[in-house]
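In what follows, a structure is listed as structure tokens, so that the remarks can point back to it.
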Amino acid sequence: MTDTNTYGALQDKEPQKEPRSQWSEVWDQFRRHKGAVWGGGFLLFITLAVLIGPYLWTVDAQKLDIRAKDMRPIYVALWDSSAKTGWNHPFGTDQLGRDILAQMLSGGRASMSVGWAAMLIALLIGTLVGVVAGYFRKLDGPLMRFTDLVLSLPILPLLLVAVTLFRQPLVAFAGSPEGGMFILIVAIIGITSWMQTARIVRGEVLALKEREFILAARSIGTRNGAIIRRHLLPNVLSPIMVSATLGLATAIITESALSFLGVGFPSDYPTWGKLLADAVPRMERFPERVMLPGIAISLTVLSVNYLGDGLRDALDPRIRGR
Amino acid sequence: ERGSDGNVSIIYWQAPSIMNPFLSGGTKDVEAASMVIEPLARYNETGELVPWLVEEVPTVENGGVSEDLTSITWKIAPGIKWSDGTDFTSADVKFTYEYCTDPEGGCAQVTKFEGVTSVETPDDMTVVVTFDKPTPFPYGPFVGGESPILQAAQFADCMGAKAPECTEQNFNPIGTGPFVVTEFRPNDVITLKANDNYRDPAKPAFATVTFKGGGDANAAGRAVMETGEFDYAWNLQLAPDVIAKMEEGGKGKPVAGFGPLVERIMLNQTNASPDLPEGERSTRAHPHPFLSEPAVYKAMSMAIDRPLLVEVGYGQAGKVTCNWVPAPAIFNSDTFDCSTQDIEGANKLLDDAGFTDTDGDGVREVNGVPMKILYQTSTNAVRQDFQALIKDWWRQIGIEAELRNVDSSVFFGGDPGSPDTFQKFYADVEMYANTFNGTDPQSYLGNLLCDKAPRPETQWQGENITRFCDEAYDALHAQLAETAGSEERAKIGKQLNDMAVEQGAMIPLVHRGRLSAHANTLGGVVLNVWDSELWNVADWHRID
Amino acid sequence: MLDESSTTPIARIEGLRVEFQTKDGPVVGVEDVSFDVNPGETVCVVGESGSGKSVSSLSLMRLVEFGGGTIAGGRLLFDRKNHEAIDLAKTDQSLMRTIRGNEIGMIFQEPMTALNPVFTVGRQLTEGLRLHKGLSQKEADARALELLRQVRIPEPERRLKQYPHELSGGMRQRVVIAMALACEPNLLIADEPTTALDVTIQAEILALMDRLKRETGTAVMFITHDMAVVAQMADRVVVMFRGNKVEEGTVEEIFENPQHPYTKALLAAVPKLGEMRGKGAPEPMKLLGREQGVIAPIPGTDQPLLKVKGLTTRFPVKGGFFRRTVANVHAVEDLSFTINKGQTLSLVGESGCGKSTAGRSILRLVEPMAGEINLDGVDVMSLSPGALREERREMQMIFQDPFASLNPQMPLADQVAEPIHNFGTLKGAEITKRVEMLFDRVELPRSFMRRYPHELSGGQRQRVAIARALALNPKLIIADEAVSALDVSVQAQVLNLMMELQAELGVSYLFISHDMAVVERVSHHVGVMYLGRIVELGPRARVFENPQHPYTQALMKAVPIADPRRRKSEKDLNFKPIPSPIHPVTYTPEPSVYREVEPGHLVLETDSGY
Amino acid sequence: MLTYTIRRLVLAIPTLIFISLAIFLLLQLAPGDPMAQVPLTVPPEVKQQMREALGLGQPWYIQYYKWLIQFFWIEPQVMFDNMFGTTFAEGKLRVISWQTRSPVMDIVAQRIPQTLWVVGVAYVLAILIALPIGIYSAYRQYSTFDNAGTFVSMIGFSIPPFFTGPLLIVIFAVQLEWLPSVYNTVHEVNDWDSFMVQLRQMVLPVMVLALQITAQLNRYMRASTLDNLNQDYVRTARAKGLKERTVVLSHVVRNSMIPVVTVIALNVPNIFGGAIITEVIFKVNGIGQLLITALFANDLPMVMTLTFIFAILIVLFNIIADVLYGVLDPRIRYD
Ligand SMILES: Nc1ncnc2c1ncn2[C@@H]1O[C@H](COP(=O)(O)OP(=O)(O)OP(=O)(O)O)[C@@H](O)[C@H]1O
Ligand SMILES: Nc1ncnc2c1ncn2[C@@H]1O[C@H](COP(=O)(O)OP(=O)(O)OP(=O)(O)O)[C@@H](O)[C@H]1O
Ligand SMILES: [Mg+2]
Ligand SMILES: [Mg+2]
């Protein structure tokens, strides 16, 4: 071993790896999590399917074709050649002859958009409250009391009340019953599910605030807004993303539970939850009508959960380091 | 022999919340109570009056009803005892009248006593009911499941404003019926046992009853016909294919019966346009722009495939009807035939009347007003299916319908502040079902009298939902009120029915029956749509 | 006994190789290490961070497996209590369990986390005793008490029932030592047992271990990166470098006649207390293997830049039902000093004495309660928030933990440019130019500009922090433990960099540190803090050569000296536990009164609590 | 600790009063009508009289004031009377349900055991299953067991009860006829056979609920155990020569339970709140079903009281969770 070699080692070590942003490392770690990759892929697939699907499968979900009612999905023909099947309705039809594939697509659209929108609202409020409460000590007390208050408000009654209360004005505002209910349901789910995010974000912000780089930012004269924007938000992104995935899943489930209880969307506006609820009485004769939306909900939630799991691992530097 | 058949279990998917029908009026509560408390007379499965706690049904012929039709005299059958062992007397009957007519009590059945000026008890076994005017049909008070007799001794302290506080009495009334309550769990389960003092020593055959409430019609049907967990399930409002599938379970069978319940589309005779100022919307101040045109409502009716609606929505629990009053049979008019759909005919009718699609958007115009209508109903799976189908058919005759459904608690809630009640009718057409109690439609037919229309002055209360108004109709109804004799009454009744349908007050769709199911091992079930379904629960027994 | 068994080593490591499976493929933690530990002897293993010291010791305990490592080669011969030698590398885990804690004890680095927070000290102490010695709970308790007495914990009875967080860091480390000694192991492995501790506590713990070793005759394998500690403790020294042993010898040989260039460079980088004796102004260190210009003293000027007078900062303690202030933490109490332009004032003192708070108070990052701060004619205390922000151009701060003080999610160039953006001093391409210039100035390659903090080593990160502090050309830089977290060699480089910058740009430093040797190297003036007050203040040479205050004297005594011939004994050390700085709201502290013993050399007269 | 607890309890009072007002006003705004379920054959005038008999005509603040008095003053007296046989509350008007015309609290008291039986058992069962699985999953991170456990709990988490419920009914009650589909709430357990009947009828609802709760708790436990497994004190424990069992089960688990116990405590109100969907599906007429029927029937006193009881429970268990945290973690000392 030569001297220069040794002395060189005593200098600062050069990083051996190529420079790369943290995000490419995150992506690297994320890719390792098979479940997460599958979950993300499936979520993407479902989202694309419900977005693009209706343009490819142009059958109107509300079109009644009473003569072609109660058709079975095409695969039933595999074991039961006498079943009423047909390629014009690959997933079969319901008791009024509406195409199930089309309903699944438009139902998925509704469910997914409720999920996404409600999640975004919850995330926005949650992050805002969390960051503000965590960063501004004076606002912490009031905001957290408020969070507690919302947490202890009973959600279901609230929702039912809101549905009956605001349906009309919102329908008028949105121009259509579906639009009105959409706003309402999204708003309610969003408004009643931000608290968890807020608490987590606040906790993270409180911890981050003690980190020296925030103090450092202040000592170099960075204004509060910039500290929050440049230093806090990027660093609380990981818990936010994780609660986002969970929020998406819960929103989808909440919406379908509401549809199941009969307080969700108007009955001619299918969502997966409604399709499932409506099919329950006939589930022995037409198991596919329950299974299809049921599996769609479960798979979506499952994939979102796996995605969240993977993100959590990928975004956690302790795990990523390993 | 009394009590020899063990337990019978009944499931009502709407759970009873009280055992006092005077405080509730809900069907589930009335029916549950009918196992315990009874009226003087009730209707049998054919709609005929049969004596229950009396010796015979009073009529003019047997002298029980006075010639001038202003009073009726009931003779209580001897030997009837309350379940606590005391005697049933006319005083109890009189007390029941006083209980229900107390102005502070909020009695749900107070209309049963409409026109009654007094109830007298010349002796323990005689009750005389006097009316303020000749009453050709005096069988309102104390007849049918909605008007049973309460025990005076038990309810003495529960008059008027105190009525709701008498929890014990309301949950566990002393009655003359075959069973007595052992435990009442509101909105959950009622357990009952045979009444030791029941008048027929051989009845009831069952020693106990478990009366479960809650869930939904589907689960109730399944519990009787598929899993056999229950013996009787009430009012299975399920699609026919679902019922058929359940029947395959082989544990029980459905039974259907038809009362006067009709699913209909009400046509708003007035303009409900949101452009009108509040207070003038849906009032006679502004007639509807096109719905009162005979060609329009007739075409709308012709476009509907009623047999298909029956098949889709009710199966054996539904029949095609073109009438507002399809039952009892003598009141059922045969003037109209509407059992076949005729889209072409409907189109022709509209074309001939000159209502054509002038701007080529597929929707016809009347004087430049496009035939777009708002079609509302309550939230309910079958109704939404109907809406979807009918919207489709109307589209085929150039009428565009916008669908809307309102939560039933709001729709039927009658809150004058809400714009969504069926009474306010802020829509062009609305669909719901209605019926009447007992077998006499006089007051039901009165629903279309001019002055019964809901309007701001009446806080939007009133039964004339369509705001139909025809002097001839009002006059004919007045005549009905003075006519005795069932033949004669039926004739007028049919005329009234025909006038209403002909003039487009409504489009009747389906004559709905009751569909209930009982286990194969349960004998003695006679489905009665004119009274409580449990009217003859004393006769129920186990068969093997 | 000592003589008899010293013939056969108690542990013999031969050709040890340890590998770790990581996502970037296998990593070699230890490549090839062989050395012996003889009975009753202390072997110090030194080397920089990551050289494989911990991994070697964990291998001896066979605990590497739990961290994902595997022993890929070599033998670990261990002489058991019954003189039966076995190869630990091949022993199965169930037999290992009877050896761990029983025949080999281990003391870990972090006393704060090495103890389970939810169990009492007593329970954690007795656990091993009951397991290995089969003692009953009562016997074990008695033995635990005895152990606590042995490690000289005050009030040992009470400690048994306390939870770890209720003890101070020094006491916790004593508990950990007692735990390791509980079953009287033949070999004690101590992995950096004092690194996390204050100088005074470190001195006590070292003395304690030395005594215990002598009393029980246990062999000790002592791991550290601190050459001064090695000088205090070792019989023999093993120097490790990049997973290999590069040198081995008795402590005197290593210090006086190092052979391997690595060892030489390491020793050269260690600041030694007393090295600056006789020199008036600080000067950069001479480092091996580096191009350095002429090493010249940095005189600075005599014009005052920062004048602090009567600075007092207290933190309220809320409590009671209404959450009112029930007491105050008197973090900084009546502090007065002056810093001249181009000079360095150092604040030294034990953890918690208020050094950081003092530094932050001057920047008004924490709001002081009272006092005057005058920076080059500007009254900092009276500035409005906006004006204060403006004033921060003039004074900057470098923090202790280079990793914590950089935003992990932001490229380095942006972080260095942030102050420029904040004040808009420069625009567009000029900013880039300035940032490039700063990177050059702190000797970082420009290619680092787009990197993220986690891709740099500790010293490099600290350079970025320095570059950021320099971005606005401040007059004053407060360096709060700016080099404490760095390896000695890197520390020396960063210190040199700071001194060069001072010589060149004429910045003044408020240098906060607990390391006396470093302070001696860099300061013009020194203030010794104790319990929120400066107990002694004066020119560096005067304070170090003629300490007057008893606390200063005690502190000087405690500092380990990197010279095996000047060992300290436990007798020299006499520290009182630091009194609490928390006082009820009604408490009014006396003002600080100083006595001038020499020109510019002040000693606190008021009772400081020491 | 005591001061802290008392402080929190005292602070909870204004919060609760505010919540009650918020709930009350929301319900007042709700446009439903308690008479909606009365058949159309009952004419509107009569319905109006019935409404007035319920006291619906009064201004809201009077109704609220009455409710406050009834809930906070009279109901506690009734409770006291029931316990000690006194007669403080005699003749005083209690909170009366509009549907049943009986005191709301009596019905609630009747329903709680049913809910507790099913939801409570499911909860306990879920805890008993979830914790060991979570611990073992963490200990053998990324093993087959862990992956399988993760998968199953994800599934449990993703399948909504309104899907599993009917599915299980069709399989076990209709096809196989092993288990009842309707829960008998009046069933009394007095011997072995009746106990078996009770067990059998509990299987399905408990299964549905426990699957969900297990899934959730399992994740928490796993994460928390993982956190602790990497702590230094675990290495210390191993260095003492302790068995792996002891290291994990006593050192690690004790620490990982701290956050999990608070999560468990925070979820307790849900037990009392019932699981609305599961209760509806299996006809377990518990609190959840009570709430939903009351909502649909616009029984405002019932809805108001129930939701407020939930709010109390939520606030209370929030406090309990915080205090528990302090009890379990010696590092936390509230003053
Ligand atoms: N669990 C692990 N996984 C992967 N690599 C590891 C692991 N533990 C240690 N290493 C690697 O092994 C090498 C030696 O590490 P070790 O902890 O022994 O260093 P050290 O000399 O004790 O340093 P320090 O002074 O910082 O404690 C390092 O390069 C480190 O990256
Ligand atoms: N934000 C705060 N709130 C309450 N007390 C504080 C706060 N910051 C510091 N203290 C207390 O003030 C005292 C001085 O703390 P400070 O951090 O200034 O010490 P230090 O000398 O820098 O110690 P170290 O060497 O450990 O960094 C300590 O007792 C500390 O507990
Ligand atoms: Mg180490
Ligand atoms: Mg400090």
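Just so it is clear: chains get the letters A, B, ... in the order the sequence lines come, proteins before strands, and each one is counted from 1.
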Residue pair C:P408 / A:N235: nearest heavy atoms and the distance that separates them: CG-OD1, 3.3 Å
Spacing of NE2 belonging to A:H231 relative to CG belonging to C:L406, to within rounding of 0.5 Å: 10.0 Å
C:F66, CZ atom: more than 12 neighbouring heavy atoms under 6.0 Å: yes
Any side-chain heavy-atom pair of C:R360 and A:L215 under 4.5 Å: yes
Selection from C:E418, C:M397, C:Q396, C:R468 maximising heavy-atom pairs under 4.5 Å formed with chain A: C:E418
Check: A:R211 side chain, C:N407 main-chain N or O, donor-acceptor pair, under 3.5 Å: no
Best-contacting candidate, C:D401, C:I478, C:L388, against chain A by heavy atom pairs under 4.5 angstrom: C:D401
Side chain, backbone, both or neither of C:F423 within contact of chain A (heavy atoms, under 4.5 Å): side chain
Rounded distance (nearest 0.5 Å) linking atom CG of C:D414 with atom CZ of A:R230: 9.0 Å
A:F45, CZ atom: more than 12 neighbouring heavy atoms under 6.0 Å: no
Backbone N/O of A:S219 and side chain of C:R392: donor-acceptor pair under 3.5 Å: no
Between CZ on residue C:R389 and CD1 on residue A:I220, distance to nearest 0.5 Å: 10.5 Å
Contact summary for C:S405 and A:A216, nearest pair of heavy atoms: O-CB, 3.9 Å
